[in-house]
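All values derive from a computational prediction rather than experimental measurement.
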Amino acid sequence: QVLAVAERESRFAATVRRFLDRPGVVLDASTRAALREVTLEEAKITALIETARELCRLESLTPQREESTVSLLDFLADYGAAHPAIYHRIRWFLTRAMLFSARESLRVEARRVWNDLLHGFRDWLGPSSAIAVDPETGLEYRWRDVVAFDDDVHSDDRRRLLEAIRTTPVLREGVFLFARAASVRLSDIPPGGVSIRLLGVNHGKSVYRATIQTRFQGSFDLAINVNAELAADAVEQEIHWLILCGGAGDRPPLVEEFGGYWPAQDLWTEEFIPGETLERALRRMARREAGEDRFRQIWPFLAWTTLSAYVDFWFRTGRRWEIADPSPANVVVPTDDYQTGARLVSVTLRRPHDGLLGMIGRFRDDFVSGVEREYPALAGVVGPEVPFSAILEIMGERAGVAALRLALDRADAGNDGL
């Protein structure tokens, strides 16, 4: 079985499927332990993930096939923890499996191995050091000597942030995930090398920017969300959607990449990406443009890019959820038409999807008409074809047209339930 990893890439997926179809549990604990020591090529990792994905989609499985599927999920979690460079990719897949597997039993198993992956990865990270020695002075220092808070950091948040930094590898985890394999420990940071300042308070949480200045590796930034009002299940759901909307799948990132959640302090990290929200960009352009032509010319591109991001969120959640407030304040978009890559600021406020036409109507009323009311020069520039085009862009032309036709048919029948 272990020798199968030497199979040619073009035949590897078929070989894996033949193994999984054999009687008994092919990927048992001893086999997984042996395979964990091997470095698999990216194409073979992809084949394993795609095989597991196909199995998780099946509504009917024999007991033997389900047992093999669970063993494959176990292996992916073991391998992702032992090979942290692909941890975020395995986590992304297991999150999808946990939410979208056709069988409830596999959703339960995916949740279990998701937690195994997390604990294994954090075991690899190791505990946070309590004391370091300054190489310049020879004096000991601790995390409290390293972290500097701005005056606008709330006292309780200050306590929770320092406790997390002092007792967990929250900073090392974030830097590793966002800087792709960089490793930062207390001894790598000089006294006063971590500064934390408030970015904003919204949607039941406070968001802080942590800037980490190291001795030899340069500086790193990450965002830390400190929960204030969100219930535990709401935090869990937000984390799931942040992972799925990140960039580990086959689509570009829609949100900042998720780092990790630390339940004892009820906070989580995200990638920090500076940018200007569309609300601020529109205000700036309205002040700057001497005439209206440039403003009117760029508005369709900005509207299409923004609506594509909101449609993409709906699509990535399995068409279950929409952003409840599709406003210019909740999206960062490039303001030059040669750039791409809109990012949602927050996915906290969501609403259940109740129909494609209803979602398009909210795009028109809450987003397009809202901008037009604030900037009358833009009235009438963005027509109904823009949200339709955004749907086709995200779903693909054939699937998008079919979905729109079905929604129209259901609307004619008095039931737009897509």
Side-chain angles (χ1 to χ4, degrees), residues 1-121 239-251 258 315-318 320:
Q1 296 170 355
V2 176
L3 292 177
V5 299
E7 181 67 270
R8 287 182 297 178
E9 291 182 2
S10 61
R11 299 172 54 183
F12 183 74
T15 300
V16 169
R17 290 185 179 90
R18 286 198 301 272
F19 274 133
L20 293 177
D21 285 338
R22 291 173 60 185
V25 181
V26 175
L27 292 172
D28 56 17
S30 60
T31 303
R32 295 198 305 270
L35 287 174
R36 194 167 54 233
E37 301 303 315
V38 179
T39 299
L40 297 175
E41 297 90 341
E42 182 177 353
K44 292 182 178 180
I45 294 295
T46 298
L48 289 166
I49 291 175
E50 286 304 311
T51 300
R53 190 172 182 176
E54 291 171 10
L55 291 168
C56 287
R57 287 172 173 169
L58 298 176
E59 295 184 359
S60 178
L61 287 172
T62 65
Q64 187 274 327
R65 176 64 70 87
E66 178 156 344
E67 192 173 17
S68 296
T69 302
V70 172
S71 74
L72 180 54
L73 296 177
D74 275 317
F75 168 69
L76 288 172
D78 288 350
Y79 192 85
H83 299 262
I86 63 165
Y87 164 77
H88 68 290
R89 185 179 180 193
I90 302 295
R91 182 179 66 176
W92 179 88
F93 164 69
L94 291 178
T95 303
R96 282 194 59 87
M98 183 167 53
L99 295 174
F100 297 130
S101 291
R103 295 170 62 85
E104 170 64 21
S105 58
L106 288 181
R107 294 195 294 272
V108 171
E109 292 294 339
R111 176 182 291 273
R112 175 184 62 79
V113 299
W114 192 98
N115 284 308
D116 291 344
L117 171 68
L118 172 64
H119 295 314
F121 173 67
I239 289 170
H240 292 161
W241 300 131
L242 286 172
I243 292 172
L244 290 185
C245 291
D250 56 358
R251 303 182 70 89
F258 175 75
F315 191 67
R316 295 194 200 198
T317 63
R320 300 177 184 180

Practice task
Measure across Ala102 and Arg57 and return the closest heavy-atom pair with its distance rounded to 0.1 Å.
Solution key: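 Taking every non-hydrogen atom into account, CB-O, 3.4 Å.
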
Problem - Leu76 versus Ala52, closest heavy-atom pair with distance - result: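 Nearest heavy atoms, Leu76 then Ala52: CD1-CB, 4.0 Å.
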
Return the [atom1] to [atom2] distance between [X] and [Y], rounded to the nearest 0.5 Å.
| X | Y | atom1 | atom2 | result |
| --- | --- | --- | --- | --- |
| Arg320 | Phe100 | CZ | CZ | 4.5 Å |
| Arg103 | Ser60 | CZ | OG | 6.5 Å |
| Asp78 | Thr31 | CG | OG1 | 11.5 Å |
| Leu58 | Arg53 | CG | CZ | 13.0 Å |

Practice task
For the pair His88 (side chain) and Ile243 (backbone), establish whether a donor and an acceptor sit closer than 3.5 Å, ignoring hydrogens and angles.
Solution key: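 Looks like no, no N/O pair under 3.5 Å.
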
Handout entry: Whether Arg316 side chain and Cys245 backbone form a donor-acceptor pair below 3.5 Å
Key =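 The answer is yes, because a donor-acceptor pair under 3.5 Å joins these two groups.
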
Exercise for the section: Give me the ring orientation class for Phe75 and Tyr79: parallel if the planes are under 30° apart, tilted from 30 to 60°, perpendicular past 60°. Expected result: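 Because their plane-to-plane angle lies in the 30° to 60° range, the rings of Phe75 and Tyr79 count as tilted.
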
Practice task
Show your working on side-chain contact (heavy atoms from CB on, under 4.5 Å) between Leu244 and Leu99 and close with a plain yes or no.
Solution key: CA-CA 10 Å; Leu244 290 185; Leu99 295 174; 3.6 Å; yes

Show me the side-chain donor-acceptor pairs of residues 107-121 shorter than 3.5 Å, one per line, residues at least two apart or across chains.
residue, atom, partner, partner atom, Å
Arg107, NE, Glu104, OE1, 3.1
Arg107, NH1, Ser101, O, 2.7
Arg107, NH2, Glu104, OE1, 2.6
Glu109, OE1, Arg112, NE, 2.8
Glu109, OE1, Arg112, NH2, 2.8
Arg111, NH1, Glu236, OE2, 2.5
Arg112, NH1, Asp74, OD1, 3.1
Arg112, NH1, Asp116, OD2, 3.4
Arg112, NH2, Asp74, OD1, 3.2
Arg112, NH2, Asp74, OD2, 3.3
Trp114, NE1, Thr95, OG1, 2.9
Asn115, ND2, Arg111, O, 3.1

Handout entry: Check: Leu61 and Leu106 side chains under 4.5 Å, non-hydrogen atoms
Key =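 Touching, per the 4.5 Å side-chain cut-off.
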
Handout entry: Steps toward side chain to side chain donor-acceptor pair (under 3.5 Å) verdict (Gln64, Ser68)
Key = CA-CA 6 Å; Gln64 187 274 327; Ser68 296; 2.9 Å; yes

Exercise for the section: Among Ile49, Ile45, Leu40, find the one that has a side-chain contact (heavy atoms from CB on, under 4.5 Å) with Ile86. Expected result: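 Between Ile86 and the candidates, side-chain contact (heavy atoms from CB on, under 4.5 Å) is satisfied uniquely by Ile45.
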
Problem - Donor-acceptor pair between Arg89 and Thr46 side chains, under 3.5 angstrom - result: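 There is such a pair between these side chains.
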
